[in-house]
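Down below is the structure, laid out as structure tokens.
Quick note: residue numbers are just sequence positions, from 1.
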Amino acid sequence: MQKSEAEAAGANGSVPDIQVSVSQTFGIDTDMEVPAFSEPTDHVPDIDTAYRFDRDTTLTILAGFAHNRRVMIQGYHGTGKSTHIEQVAARLNWPCIRINLDSHISRIDLIGKDAIVIRDGKQVTEFREGLLPWALQHPTALVFDEYDAGRPDVMFVIQRILEVDGKLTLLDQNRVVRPHPAFRIFSTTNTVGLGDTTGLYHGTQQINQGQMDRWNLVATLNYLAHDEEVKIVLSKVPSYETEERLKLIHAMVEVAALSRAGFMAGDVSTVMSPRTVIHWAENAEIFGDVGYAFRTTFVNKCDEMERPIIAEYFQRCLGMELPESSAPLQPSA
């Protein structure tokens, strides 16, 4: 008797083989259990033990893994949308691959193309699969970053695999690629496919309604609460866990919050993510100068016309003027 595709995959150890408790693994009060792999592979992301999970977003992503739902995560830049999916995958030992749909990604990049190779001393032409057919045939969570910035020809290729059966026809090969039972698909976006009316996200575009309807679940991820972000920074830079230095971390996080509010209001075009705050704290230790560290970590990345606004954020939160750009006299070893 011929085995089904799912049974064959299971025999090869390429489908989830355990159930994990969401309560124990993610700290969320629920009886929900999700399938997972008992052993990691090369494509499983590394676990960040300091990562803080947003309850609603986490449950939505877990539903995508458990029930093969197509999940879109929407939110402002720097909220950690892609990282959230990666960290869920890491704890499920689920291989995860990210593709950034910038203007350079074409249909050929996704599907594949003919390439000339040397075989038995002769030049021959053979088809080299792109990342999409490869991922479709493996136990992989495929994440499309900046989904609303994809080119139209790329979007129509992706639309084919958004159905649950998600078969992909390779016309050049006269072949139909069927999805692996453990293949999952996610996307991250800034605008929920409605286009950018604020001017914050140049290059994004509207996504046709037929394609949007194929995304089963949509979650919105906002910036972290102040105290949660402080905890994350302290977990990465524990040397700040003193009464005096803790005040500095709170002030740093306040600067980041102002940059995000300014970004949403259209006052500045560069925003501080929690990762930026961590880098700022680390660099302040290297240089022994919080102002110089801020300038080299963040200010120098900003538009020159917006730097006075950023300097004002710094002054308001730290109670000091942002020093001119000059290296500290004695950076720490």
Side-chain angles (χ1 to χ4, degrees), residues 21-30 32 45-62 73-91 188 190 200 219-265 267-268 270-286 289-291 293-294 297-299 301-302 309-320 322:
S21 165
V22 173
S23 175
Q24 293 178 4
T25 306
F26 299 95
I28 296 174
D29 186 16
T30 176
M32 182 179 180
D46 294 331
I47 290 179
D48 180 356
T49 56
Y51 193 80
R52 303 279 171 167
F53 289 96
D54 174 76
R55 182 184 185 279
D56 292 348
T57 305
T58 303
L59 290 175
T60 304
I61 294 171
L62 288 171
I73 309 297
Q74 182 268 337
Y76 285 107
H77 165 73
T79 52
K81 302 180 293 295
S82 304
T83 306
H84 210 303
I85 299 169
E86 281 189 327
Q87 286 304 306
V88 171
R91 284 156 176 81
T188 67
N190 299 123
L200 297 178
T220 298
L221 184 60
N222 294 314
Y223 291 111
L224 290 166
H226 178 94
D227 289 342
E228 286 295 308
E229 188 163 351
V230 168
K231 290 178 183 177
I232 289 177
V233 177
L234 289 175
S235 70
K236 295 294 186 180
V237 197
S239 59
Y240 282 83
E241 290 184 350
T242 65
E243 184 175 352
E244 188 63 29
R245 303 193 84 195
L246 183 58
K247 293 179 182 178
L248 180 58
I249 293 296
H250 279 281
M252 289 177 167
V253 173
E254 287 173 4
V255 174
L258 287 178
S259 79
R260 295 160 193 166
F263 178 74
M264 287 184 273
D267 297 330
V268 295
T270 309
V271 66
M272 291 180 70
S273 67
R275 185 182 295 109
T276 306
V277 181
I278 293 169
H279 291 166
W280 179 13
E282 292 171 339
N283 293 338
E285 287 211 312
I286 293 173
D289 186 325
V290 67
F294 182 60
T297 303
F298 181 67
V299 179
K301 298 177 183 177
C302 302
I309 300 175
I310 302 299
E312 181 184 340
Y313 296 160
F314 180 90
Q315 192 277 328
R316 286 168 59 183
C317 297
L318 278 84
M320 67 176 79
L322 181 64

[atom1]/[X] to [atom2]/[Y] distance, rounded to the nearest 0.5 angstrom?
| X | Y | atom1 | atom2 | result |
| --- | --- | --- | --- | --- |
| Ile232 | Tyr51 | CD1 | OH | 7.5 Å |
| Thr297 | Ile278 | OG1 | CD1 | 12.0 Å |
| Ser23 | Ile28 | OG | CD1 | 9.0 Å |
| Ser259 | Glu254 | OG | CD | 12.5 Å |
| Asp54 | Leu59 | CG | CG | 9.0 Å |
| Gln87 | Arg52 | CD | CZ | 13.0 Å |

*Please state whether the rings of Phe314 and Trp280 are parallel, tilted or perpendicular, taking 30° and 60° as the class boundaries.*
tilted
Given side chains that start at C-beta, do those of [X] and [Y] come closer than 4.5 Å, heavy atoms only?
| X | Y | result |
| --- | --- | --- |
| Arg91 | Phe53 | yes |
| His226 | His250 | yes |
| Ile249 | Arg245 | no |
| Ile73 | Thr79 | no |
| Val230 | Met252 | no |
| Tyr223 | Met264 | yes |

*Do NZ/NE/NH1/NH2 and the carboxylate oxygens of Asp48 and Lys236 come within less than 4.0 Å?*
yes
*Report the C-alpha distance between Cys302 and Val268 in whole Å, list the side-chain angles of each, state the deciding distance to 0.1 Å, and finish with yes or no for side chain to side chain contact (heavy atoms under 4.5 Å, CB included).*
CA-CA 8 Å; Cys302 302; Val268 295; over 6 Å; no
[X] side-chain N/O to [Y] backbone N/O, donor-acceptor pair under 3.5 Å:
| X | Y | answer |
| --- | --- | --- |
| Lys231 | Ala50 | no |
| Tyr240 | Ala281 | yes |
| Gln74 | Asn190 | yes |
| Lys247 | Glu243 | no |

*How far apart are the C-alpha atoms of Phe294 and Leu322, what are their side-chain angles, what is the distance that settles it, and do they pass the side chain to side chain contact (heavy atoms under 4.5 Å, CB included) test?*
CA-CA 9 Å; Phe294 182 60; Leu322 181 64; 3.8 Å; yes
If I compare all heavy atoms of [X] with all of [Y], which pair ends up nearest, and what's the gap?
| X | Y | result |
| --- | --- | --- |
| Thr58 | His84 | OG1-CE1, 2.8 Å |
| Tyr313 | Asp267 | OH-CB, 4.5 Å |
| Arg260 | Ser273 | NH2-C, 3.5 Å |
| Pro45 | Ala90 | O-CB, 3.3 Å |

*Can Lys81 and Thr57 be said to form a side chain to side chain contact (heavy atoms under 4.5 Å, CB included), step by step?*
CA-CA 9 Å; Lys81 302 180 293 295; Thr57 305; over 6 Å; no
_Checking Leu318 against Leu248 for the side chain to side chain contact (heavy atoms under 4.5 Å, CB included) test, could you report, in this order, the C-alpha distance in whole Å, the side-chain angles of both residues, the deciding distance, and whether it holds?_
CA-CA 8 Å; Leu318 278 84; Leu248 180 58; 3.7 Å; yes
*Could you tell me if the ring centre of His279 sits under 6.0 Å from that of Phe298?*
no
